[in-house]
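One structure below.
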Amino acid sequence: MSVILNKKISSRTATIAVVGLGYVGLPLAIAFAQKGYKVHGVDVSRHRIDRLNDRKSYILDITHDEIDKVVSDGKFTAAVDF
């Protein structure tokens, strides 16, 4: 691993992209965001992206409040396009 990447991971300044925000991707993305990383989530489902941008969850394990917090903190964004 490069020294620069290792420093970014250690300092939580690395930006993470999660492709696919289903039952594995969304919890993973939210977990990274809750740890302080900036996360960009991408999914082909416009419905999922609209729900997330409205700060609503569509997965039972993730609450609306968890989505709202990481979006409000600027740690999570979601889009259908890279």
Side-chain angles (χ1 to χ4, degrees):
M1 183 178 334
S2 79
V3 174
I4 295 170
L5 179 57
N6 194 26
K7 285 181 182 179
K8 286 185 175 191
I9 291 169
S10 297
S11 65
R12 297 195 171 146
T13 58
T15 299
I16 297 170
V18 176
V19 179
L21 297 173
Y23 291 99
V24 174
L26 182 60
L28 181 66
I30 298 306
F32 277 125
Q34 289 171 332
K35 292 295 183 182
Y37 293 97
K38 187 169 184 174
V39 180
H40 298 292
V42 181
D43 198 284
V44 296
S45 170
R46 170 57 69 186
H47 172 74
R48 286 180 178 177
I49 298 305
D50 289 345
R51 294 272 302 170
L52 292 170
N53 288 329
D54 288 338
R55 300 172 185 210
K56 303 291 181 197
S57 179
Y58 45 86
I59 295 177
L60 294 177
D61 293 339
I62 303 294
T63 67
H64 300 317
D65 290 340
E66 289 174 300
I67 301 290
D68 183 54
K69 174 99 172 89
V70 294
V71 171
S72 295
D73 291 347
K75 295 296 180 182
F76 179 75
T77 59
V80 294
D81 194 335
F82 287 97

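Please read all numbers here as calculations on a predicted model, not as lab measurements. All residue numbers in this chain count up from 1 along the given sequence.
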**Q.** From CD1 (Ile16) to NZ (Lys8), nearest 0.5 Å
**A.** 12.0 Å
(Q) Restricting to side chain to side chain donor-acceptor pair (under 3.5 Å), what partner residues turn up for Ser57, sequence neighbours left out? (A) none
**Q.** Non-hydrogen atoms of Leu21 and Ala78 that approach each other most closely
**A.** CD1-CB, 4.4 Å
Q | Distance-minimising heavy-atom pair for Thr13 and Ser11 | A | OG1-OG, 2.9 Å
Q: Name all pairs fulfilling the salt bridge (Lys or Arg N to Asp or Glu O under 4.0 Å) condition that reach into residues 54-63, sequence neighbours left out, sorted by first residue then second.
A: Arg55-Asp68
Q: Show your working on side-chain contact (heavy atoms from CB on, under 4.5 Å) between Glu66 and Val70 and close with a plain yes or no.
A: CA-CA 6 Å; Glu66 289 174 300; Val70 294; over 6 Å; no
(Q) More than 12 heavy atoms of other residues, nucleotides or ligands under 6.0 Å from OH of Tyr37: yes or no? (A) yes
**Q.** salt bridge (Lys or Arg N to Asp or Glu O under 4.0 Å) pairs, two or more places apart, involving residues 11-39
**A.** none
Q) What heavy-atom pair brings Tyr58 and Arg51 nearest, and what distance separates the two atoms? A) CD2-CB, 4.0 Å
Q) Are Leu28 and Val39 linked, directly or through other ILVMFWY residues, by side chains that come within less than 4.5 angstrom of each other? A) yes
Q) Which heavy atom of Val24 sits nearest a heavy atom of Pro27, and at what distance? A) O-CD, 3.4 Å
Q: Mind listing the closest non-hydrogen atom pair of Leu52 and Val71 along with its distance?
A: O-CG2, 4.4 Å
Q.
Applying a strict under-4.5 Å side-chain criterion to I, L, V, M, F, W and Y, I'd like to know whether Val44 and Val19 cluster together.
A. no
**Q.** Working for side-chain contact (heavy atoms from CB on, under 4.5 Å), residues Phe76 and Leu26
**A.** CA-CA 11 Å; Phe76 179 75; Leu26 182 60; 4.3 Å; yes
Q) Do Val80 and Ile67 share a hydrophobic cluster (ILVMFWY, side-chain heavy atoms under 4.5 Å, transitive)? A) yes
